[in-house]
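Here's the structure we're looking at; comments come further down.
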Amino acid sequence: MTQSAAETAATAWLARVDAGKYAESWTSAGATFKNAVPQEKWHDAVKRVRDQVGAFKTRTKKSATPTT
């Protein structure tokens with residue numbers, strides 16, 4: 001996957017999270033993420049944090065480093 005494709009995928013994934021589509025974000029995540037965080041724990045954790053801090057107003061990419 002090219003860096004551009006990876007950044008596009010990451011942006012789309014974050015958009016799902018920002019839209020409150022937590023189950024969809026977990027489903028579309030990679031195997032490493034899914035193996036580390038069970039779906040119910042992901043949903044509960046991200047909802048709890050979002051309820052506390054609210055929605056993001058803007059996002060700015062700080063850096064991008066390709067990995068395998």
In residues 23-32, what donor-acceptor pairs under 3.5 Å come from side-chain atoms, sequence neighbours left out?
{"from": "Glu24", "atom 1": "OE2", "to": "Arg16", "atom 2": "NE", "distance (Å)": "3.2"}
{"from": "Ser25", "atom 1": "OG", "to": "Tyr22", "atom 2": "O", "distance (Å)": "2.7"}
{"from": "Ser25", "atom 1": "OG", "to": "Trp42", "atom 2": "NE1", "distance (Å)": "2.9"}
{"from": "Trp26", "atom 1": "NE1", "to": "Val37", "atom 2": "O", "distance (Å)": "2.7"}
{"from": "Thr27", "atom 1": "OG1", "to": "Ala23", "atom 2": "O", "distance (Å)": "2.9"}
{"from": "Ser28", "atom 1": "OG", "to": "Arg16", "atom 2": "NH1", "distance (Å)": "3.2"}
{"from": "Ser28", "atom 1": "OG", "to": "Glu24", "atom 2": "O", "distance (Å)": "3.0"}
{"from": "Ser28", "atom 1": "OG", "to": "Ser25", "atom 2": "O", "distance (Å)": "3.2"}

ILVMFWY clustering at 4.5 Å (side-chain atoms), partners of Val49: Val53
What salt bridge (charged side-chain N to carboxylate O under 4.0 Å, His left out) pairs are there with at least one residue in residues 28-47, not counting sequence neighbours? Lys47-Asp51
Test applied, side chain to side chain contact (heavy atoms under 4.5 Å, CB included); reference residue, Phe56; option that passes from Leu14, Val17, Asp18: Asp18
